[in-house]
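Quantities reported herein were computed from a predicted structural model and do not represent experimental measurements. In what follows, chains are A, B, ... by sequence order, proteins preceding strands, each numbered from 1.
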2 protein chains.
Amino acid sequence: MRRDVFQAIADPVRRDIIDLLSQQPHTVNEVVEQFDISRPAISNHLKILRECGLVKMATIGRERHCVIIPKELRRVSDWAQCYQRLWEDKLDSFERYLSELKLKHKNP
Amino acid sequence: MRRDVFQAIADPVRRDIIDLLSQQPHTVNEVVEQFDISRPAISNHLKILRECGLVKMATIGRERHCVIIPKELRRVSDWAQCYQRLWEDKLDSFERYLSELKLKHKNP
DNA sequence: TATTTGTGTAATCGAACGATTACATATAAT
DNA sequence: ATTATATGTAATCGTTCGATTACACAAATA
């Protein structure tokens, strides 16, 4: 069972849950109300988010309040950020590489 | 068949391929050499990366050169970045929320 | 105490995933 | 023309995913 942030954010429902919780904490049922899928399905999504450290639960009475934990989100940001130089490279490196290649191919 | 960046980067092998190609373009077999899995497996990973716009191929003769396309990587970066305020919030919002909750619960 | 409420878990099911082997095809080299 | 090389595709297989229904249980409420 792979359980890391990248796998967690692969699912669009989970990204929507992250978005919801980023605004403010919600109880499990409050989360459920925002979606068209069953409570067990949401419960499982929350479990996955919890297992990879994106969400923590605070149990008060019979309610469980879900709070987002930003640390792992930052890992994603950092991962993508480190390719920043690629999109900041103004020249289209694909086209450049392609013409270089074709040149080499004709005059090897 | 879901096919978007987030699903694409969920797989660790694909993230490694992205990393490899971010350094410089490689032919398919050059990519294969870097991994312990079969060529068809890599071929499929490259197909997925291509289908979600992370990679383009330049066919020269019988070789296919894989080049990374940064645009979609930027989408990931932007997605995560927009939660930046969460981790820049110095106070631990989880602990804060928790104590507020418990207070409310005792004095409702 | 009996009932309602909030939530988690188990069983189940079809679809998607990730890998492999075997085969197909086009280009390059001999 | 034949052979070797670079690559894609099809068939197959076990695993994981994401959803549902049915059940379990503890806390709040009546």
Rounded to the nearest angstrom, tell me the gap between atom [atom1] in [X] and atom [atom2] in [N].
X: B/Asp11; N: C/dG18; atom1: CG; atom2: P; answer: 5 Å
X: B/Phe35; N: C/dA19; atom1: CZ; atom2: P; answer: 10 Å
X: B/His26; N: D/dT7; atom1: NE2; atom2: P; answer: 13 Å
X: A/Asp4; N: D/dC17; atom1: CG; atom2: P; answer: 10 Å
X: B/Ile60; N: C/dT27; atom1: CD1; atom2: C1'; answer: 13 Å
X: B/Phe6; N: C/dC17; atom1: CZ; atom2: C1'; answer: 20 Å

Carboxylate-amine/guanidinium contact A/Glu88 A/Arg85, below 4.0 Å:
no
Taking only Lys NZ, Arg NE, NH1 and NH2, and the carboxylate oxygens of Asp or Glu, determine whether A/Arg14 and A/Asp19 approach each other closer than 4.0 Å.
no
Counting distance only, does the side-chain N/O of B/Asp4 pair as donor-acceptor with the main-chain N or O of B/Gln7 below 3.5 Å?
yes
Has B/Arg15 got a side-chain atom pairing as donor or acceptor with B/Ala10's backbone, closer than 3.5 angstrom?
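Answer holds: yes.
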For B/Leu73 and A/Trp87, the nearest pair of non-hydrogen atoms, with its separation, is C-CZ3, 3.8 Å
Which nucleotide sits closest to the side chain of B/Ile48: D/dT21, C/dT20, C/dG18?
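Nearest to the side chain of B/Ile48 among the choices is C/dG18.
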Which of the following nucleotides, C/dG18, D/dG18, C/dC17, is nearest to the side chain of B/His45?
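Minimum distance to the B/His45 side chain belongs to C/dG18.
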So, OP1 or OP2 of C/dA19: does either fall under 4.0 Å of a side-chain N or O from B/Ser38?
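Checking C/dA19 against B/Ser38, no side-chain N or O comes under 4.0 Å of OP1 or OP2.
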Check whether any side-chain N or O of B/Gln7 sits under 4.0 Å from OP1 or OP2 of C/dC17, and answer yes or no.
yes
Protein proximity profile, nucleotides 4-10 of chain C - base contact B, sugar-phosphate-only contact S, no contact -, cut-off 4.0 Å on heavy atoms
BBSBBB-
Hydrogens and angles aside, do A/Glu63 and A/Thr27 bring a side-chain donor and acceptor to less than 3.5 Å of each other?
no
